[in-house]
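Before I ask anything, let me first share the structure, which is written out below as structure tokens.
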Amino acid sequence: MLTFEEKKEIEALLPNYPTRQAAGIDALVILQRHRGWISDETLGQAAEFLRMTPAELDSVATFYNLIFRKPVGRHVILVCDSVSCWVMGGDTILDYLKSHLGIGFGETTPDGRFTLLPHVCLGACDKAPVMMIDDDLHVELDPETSPDRIDQLLSLYP
Amino acid sequence: MERPLTHNIVPGKPPLSLAEYEKSGGYQAARKALTSMSPKEITEMVKASNLRGRGGAGFPTAQKWSFVPMGADAPQPKYLVVNADEMEPGAFKDRLLLEGDPHQLIEGVMISAFAIESEIAYIFLRKTYTLAARRILTAIAEAYEKGYLGKNIFGSGVNLSLHLHESAGRYICGEETALLNALEGKRAVPRNKPPFPPVVGLWGKPTVTNNVETICNIPHIIANGAAWFRALSRVPDGGTKIYGVSGKVQRPGAWELPLGTTIREIIEEHAGGMKEGLQLRAVLPGGASTDLLTADHLDVKMDFNSMQAADSRLGTGTMVAIDDRTCIVGLVLNIMRFFAQESCGWCTPCREGLPWAAKLLAAIEEGHGLPEDIERLELLTRLLSPGHTFCALAPGAMEPLQSALKYFEDDFHRHIKERRCPWK
Ligand SMILES: Cc1cc2nc3c(=O)[nH]c(=O)nc-3n(C[C@H](O)[C@H](O)[C@H](O)COP(=O)(O)O)c2cc1C
Ligand code: SF4
């Protein structure tokens with residue numbers, strides 16, 4: 001069952017659209033914020049609330065890079081792997097995070113703290129290389145000096 | 001030099017509040033448009049300004065608006081959508097406007113919606129623009145509070161509701177018909193055209209989609225007139241343009257300059273030239289879906305027609321400067337992987353062709369490419385050219401590849417002959 005709070009948040013957005021279905025993305029994002037990820041059970045509850053079939057809603061949910069249909073860690077790291085960051089040595093950041101966290105892309109640290117995801121251009125190309133942790137953008141991760149900087153940044157997300 | 005779009009934007013400072021924005025002359029244009037102009041007069045003025053869309057394709061804005069059925073018999077509701085998806089690799093100009101001056105965007109929406117007699121507008125924003133989202137929501141709330149959104153705005157009888165829609169991260173949602181499906185809560189694959197969205201769009205109703213920068217220009221055109229707007233530009237198409245440079249230059253950044261500023265001025269004067277010891281070898285001029293140019297093209301003007309004449313595109317106007325120590329094959333591979341991942345999978349040439357192109361490029365880059373692979377890549381650029389796929393994503397993906405083969409074919413041959421990447 002959706003909680004009272006979850007329902008309230010989704011219902012607040014329903015008037016923005018002429019159909020309930022249109023609030024699908026909003027509903028998934030809200031539920032993901034509360035529950036960390038979208039399990040089959042959550043998907044079913046959301047679909048019922050939106051008066052859609054679970055399959056219909058899943059065809060939307062699975063389309064998006066940032067709707068998580070698998071469990072993720074407490075913090076999600078999105079590292080830009082697109083062209084400007086690549087030119088500026090972004091691969092070094094990706095490699096460093098992999099070895100430092102001891103996980104591959106799409107994986108979560110055993111303590112459930114971080115999930116590491118390469119992500120498309122974050123739209124801060126003049127400050128490349130960049131990454132986001134949760135809702136925060138971190139810029140100018142200079143590959144030569146960055147290991148320390150990255151360690152510091154990670155320590156802000158317990 | 002006038003900078004209408006960015007004159008309120010101070011790097012590192014929060015955007016103007018509604019009161020501050022009004023003090024600097026804001027909302028005067030919307031007041032004028034809604035209380036003393038007809039939709040037709042607004043569209044005529046925008047037409048005379050020679051404003052072309054800043055979302056990449058350069059479609060004349062007033063012409064798009066003029067396809068919308070008008071008057072008492074027109075279908076209702078009609079919709080205006082601001083495309084703030086900005087997920088094209090290398091593009092970061094709309095972020096500047098969204099974070100820097102959200103009231104300018106709202107004022108642009110008010111006038112543009114009125115011009116097509118629409119009472120409902122959406123801002124379609126990519127999910128990772130979290131700061132922009134907070135600032136837009138604040139600005140929208142202020143505008144409702146003040147009565148600039150809602151019913152009977154300025155006592156003119158005009159109504160408008162404006163909603164922020166945050167997407168969940170998929171590049172194809174920026175394509176305007178995929179965007180409509182996304183907003184309707186459907187899987188965001190593109191739609192067949194015709195019918196075109198200004199006639200049959202969101203929920204089957206007339207819908208205009210414009211880029212953030214396009215919409216932000218509208219208040220300035222209304223306030224200062226079409227002739228003023230044309231005079232901002234160095235070419236017949238009107239206005240300024242937000243140009244950006246990323247890559248290994250001295251001062252990467254974004255600047256509002258006259259439309260038609262040359263690549264040389266942007267890179268050398270504004271970005272300060274290449275970093276010590278590096279030579280400029282290529283330019284990816286307008287985002288990942290535009291044809292590469294070379295150091296021989298520095299005097300090309302960055303506007304729609306001049307870029308087209310140079311066999312490339314203005315695109316987003318945000319370029320990547322590519323230095324002589326960056327491997328072009330590796331660069332095109334990076335871009336191709338992006339497009340292969342972001343293909344929506346709807347049509348076969350794109351769904352199958354882009355991963356194939358990425359695989360061939362990876363083989364060459366990793367030192368096990370074959371001489372025939374170059375012909376295969378050339379074949380793919382033809383098989384995925386405009387008209388062979390359902391939308392413009394796949395042809396866009398071919399632009400960096402086809403231009404790399406045209407200007408830097410030797411780099412491909414060297415990889416194959418030396419069986420390694422000579423730049424590593
Ligand atoms: C794959 C693809 C992605 C696109 N992404 C964007 C985008 O993020 N923002 C944008 O304004 N236009 C984007 N466009 C262009 C839009 O389809 C549309 O032409 C544009 O929003 C119209 O606005 P304008 O007339 O103001 O330029 C994209 C096009 C394609 C084919
Ligand atoms: S060209 Fe690619 S992105 Fe466009 S409809 Fe076909 S599969 Fe989808």
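Atom set for the values below is all heavy atoms of this structure, side chains included, hydrogens, waters and symmetry mates excluded. So that the names make sense, note that chain A is the first sequence line, chain B the second, and so on, each numbered from 1.
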Show the nearest heavy-atom pair for residues Ala124(A) and Arg95(B), with the distance to one decimal.
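Nearest pair, atom of Ala124(A) first, then Arg95(B): CB-NH2, 4.1 Å.
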With a 4.5 Å heavy-atom cut-off, do Asn65(A) and Lys127(B) have their side chains touching?
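Contact flag for Asn65(A)/Lys127(B) side chains = no.
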Are His163(B) and Tyr17(A) linked by a side-chain donor-acceptor pair shorter than 3.5 Å?
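Distance-only check fails for His163(B) and Tyr17(A).
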Do Arg170(B)'s NZ or CZ and the ring of Phe63(A) fall within the cation-pi criteria of under 6.0 Å and 45°?
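Satisfied, under 6.0 Å and within 45°.
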May I ask you to decide if Val60(A)'s main-chain N or O and Arg187(B)'s side chain share a donor-acceptor pair within less than 3.5 Å?
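Flag not set: sc Arg187(B) to bb Val60(A) has no pair under 3.5 Å.
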Is the backbone of Ser246(B) close enough, under 3.5 Å, to the side chain of Asp126(A) for a donor and an acceptor to pair up by distance?
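Judged by distance alone, no pair lies under 3.5 Å.
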Below 4.5 Å from any heavy atom of chain B, which atoms of Leu122(A) appear? Answer side chain, backbone, both or neither.
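It is both, since atoms from each part get that close.
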So what's closer than 4.5 Å to chain B heavy atoms on Leu13(A): side chain, backbone, both or neither?
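Neither part.
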Contact part of Glu88(B) toward chain A, heavy-atom cut-off under 4.5 Å: side chain, backbone, both or neither?
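When you check distances to chain A, only backbone atoms of Glu88(B) fall under 4.5 Å.
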Do the non-hydrogen side-chain atoms of Trp86(A) and Thr326(B) ever get within less than 4.5 Å of each other?
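Side-chain contact under 4.5 Å: yes.
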Any Glu342(B) side-chain heavy atom under 4.5 Å of Val120(A) side chain
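Yes - at least one pair of side-chain heavy atoms lies under 4.5 Å apart.
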Side chain, backbone, both or neither: which part of Leu202(B) has a heavy atom under 4.5 Å from chain A?
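No part of it gets close to chain A.
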Close contacts, residues 128-136 of chain A versus chain B, judged by heavy atoms under 4.5 Å:
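Met132(A), Asp135(A) fall under the 4.5 Å cut-off.
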Identify which part of Ala168(B) has an atom lying under 4.5 Å from any heavy atom of chain A, answering side chain, backbone, both or neither.
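Both the backbone and the side chain of Ala168(B) come within 4.5 Å of chain A.
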